[in-house]
2 protein chains.
Amino acid sequence: MAFAETFKALSDPVRRQILDLLKEGPMSAGDIGSHFDMTGATISYHLKILKKADLVFESRDKNFIYYQLNTTVLEEIMLWISSLKGGDFDAESK
Amino acid sequence: MAFAETFKALSDPVRRQILDLLKEGPMSAGDIGSHFDMTGATISYHLKILKKADLVFESRDKNFIYYQLNTTVLEEIMLWISSLKGGDFDAESK
DNA sequence: CAAGTATTTAGAACTTTTTCTAAATACTTG
DNA sequence: CAAGTATTTAGAAAAAGTTCTAAATACTTG
C-alpha cells in the first residue's frame, strides 16, 4: 500500500528537508547532498525511499541524476488528513 | 520540535487507524484496543505517542480513560504539505 | 578506451521503534 | 477496605530504520 510508504517517507526530517530543497526546482543528487553533513551513500538511501514513495522522480542528464518533486501523492495525504478534521476540505475553506 | 513528532506519530499504520476510529468520537483505551490484535500494553504505547504529538487528548470518566481527536496540529501539517505543492492552499482551491 | 566524476549498492554497526509479558497504578463499588 | 476492572509502566526481545565505508556501476569526454 503506497499510502503507508508515503507517510513513512515523510517521517524522517532529512527527507522532509530534501523535499523542501526541491521546491526550488530539480537538483542533482550531489547538489542535494551538499546541503547535509552526510555521505552521498546516505543521501542516496533517502532519495531511494522518496522515490519509492513517489514523492520524487528522477531524470538523467549528462553525468547527473536530477531529482524533482512529485506532488501528486500529496493530494491523497491531504485528503486523509482533512478527513480526520471531520469532513471535506473544500467545505471547510472559505 | 513538535512538527517532527507529529510526522513520526502519523508514520505508523496502527496509529493512523486509531485516529480513524476516533473520527467517530471519543473512545476508551480498551475499546480502541478491541479493534486490534495486540495487547493493551501495546495500544497504550501507541496512545502515548499520539498524545505526545498532540494528536489526541484524554479525559477520564469512571474507571475509563477516553481518547479524543485533537485536530489543531493537523493544520500545521497541511500547511507544510501544501507549501510543497508550490504555494498556498487557499490560493489553489477554487 | 582510459581516466574522471556522479551516483548507487552491499554489508556491517548502531539506533530507534514496536511488541510482548509481568507487574504496578488507578479507580470503582460492594 | 477488599476485590475487580481499566489502563499504564518497566524491561526485554525482535524488527525496522539510519548511517557509514568500501566497492561497484554508469556515464562523459579527451
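This is a predicted model, so every value here is computed, not measured. Protein chains get the first letters and strands the later ones, always in sequence-line order, with residue 1 at the start of each.
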Mind checking if B:A41 touches a base, just sugar-phosphate, or nothing, with heavy atoms under 4.0 Å? base
For a quick test of reading the model: is some side-chain N or O of A:S28 closer than 4.0 Å to OP1 or OP2 of C:dT7? yes
Nearest-neighbour nucleotide for the A:N63 side chain, C:dC27, D:dT19, D:dC27 considered: D:dC27
Rounded to whole angstrom units, what separation is found between the CE atom of B:M38 and the C1' atom of C:dT18? 8 Å
Expressed as a whole number of angstroms, how long is the span from A:I18:CD1 to D:dT18:P? 11 Å
Report the distance from atom CG of B:D61 to atom C1' of C:dT28, rounded to the nearest whole Å. 12 Å
Nearest-nucleotide comparison on DNA chain D, the residue closer to the 5′ end among A:D12 and B:D31: B:D31
For C:dA12, which nucleotide in any strand shown is its Watson-Crick or wobble partner with both distances under 3.5 Å? D:dT19
Whether A:R16 side chain and A:L10 backbone form a donor-acceptor pair below 3.5 Å: yes
Let me know the distance between CG of B:L50 and P of D:dT8, rounded to the nearest Å. 12 Å
Any B:K8 side-chain nitrogen or oxygen under 4.0 Å from OP1 or OP2 of C:dT16: no
Of the listed nucleotides (D:dC20, C:dT19, D:dT7), which one gets closest to any side-chain atom of A:T42? D:dC20
At less than 4.0 Å, is any side-chain N or O atom of A:H46 found next to OP1 or OP2 of D:dT19? Yes or no. yes
With sugar-phosphate meaning primed atoms plus P, OP1 and OP2, does B:Y66 contact a base, only sugar-phosphate, or nothing at under 4.0 Å between heavy atoms? nothing
Considering only D:dT8, D:dT9, D:dC20, which nucleotide approaches the side chain of B:L47 most closely? D:dT8
Winner on side-chain proximity to B:Y45, out of C:dT17, C:dT7, D:dT8, is C:dT17
Measure from CD on A:E58 to C1' on C:dA6 and round the result to the nearest Å. 13 Å
D:dT19, OP1 or OP2 - any side-chain N/O from A:T39 closer than 4.0 Å? no
Within the structure, does a side-chain N or O atom of B:S44 lie under 4.0 Å from either OP1 or OP2 of D:dT8? yes
Residue pair B:I18 / B:V56, side-chain heavy-atom distance below 4.5 Å: no
Please work out if A:G30 contacts a base, only the sugar-phosphate, or nothing of the nucleic acid, heavy-atom cut-off 4.0 Å. sugar-phosphate
Are any of the side-chain heavy atoms of B:D31 and B:Y66 separated by less than 4.5 Å? no
NA contact type, B:F36, heavy-atom cut-off 4.0 Å: base, sugar-phosphate, or nothing? nothing
Round to a whole Å and report the spacing from CD1 of A:I49 to C1' of D:dT19. 12 Å
Determine: side-chain N/O of A:Y67 to OP1/OP2 of C:dT8, distance under 4.0 Å, yes or no. yes
Between A:D37 and A:R60, which residue's closest nucleotide on DNA chain D lies nearer the 5′ terminus? A:D37
For the residue pair A:P26 and A:Q68, what are the closest heavy atoms and their distance? CG-CD, 3.8 Å
Between B:M27 (CE) and D:dA6 (P), how many Å, whole number? 15 Å
Does C:dA3 have a Watson-Crick or wobble mate here (both distances under 3.5 Å), and if so which one? D:dT28
The side chain of A:F64 is closest to which nucleotide in this list: C:dC20, C:dA10, C:dT7? C:dT7
Do A:I49 and B:L84 share a hydrophobic cluster, counting only Ile, Leu, Val, Met, Phe, Trp and Tyr and linking them when any side-chain heavy atoms are less than 4.5 Å apart? no
In whole angstroms, how far is the P atom of D:dT9 from the CD1 atom of B:I43? 15 Å
Flag, side chain of B:T71 to backbone of B:L74, donor-acceptor distance under 3.5 Å: no
Using a 4.5 Å cut-off on heavy atoms from C-beta on, say whether the side chain of A:V73 contacts that of A:E76. yes
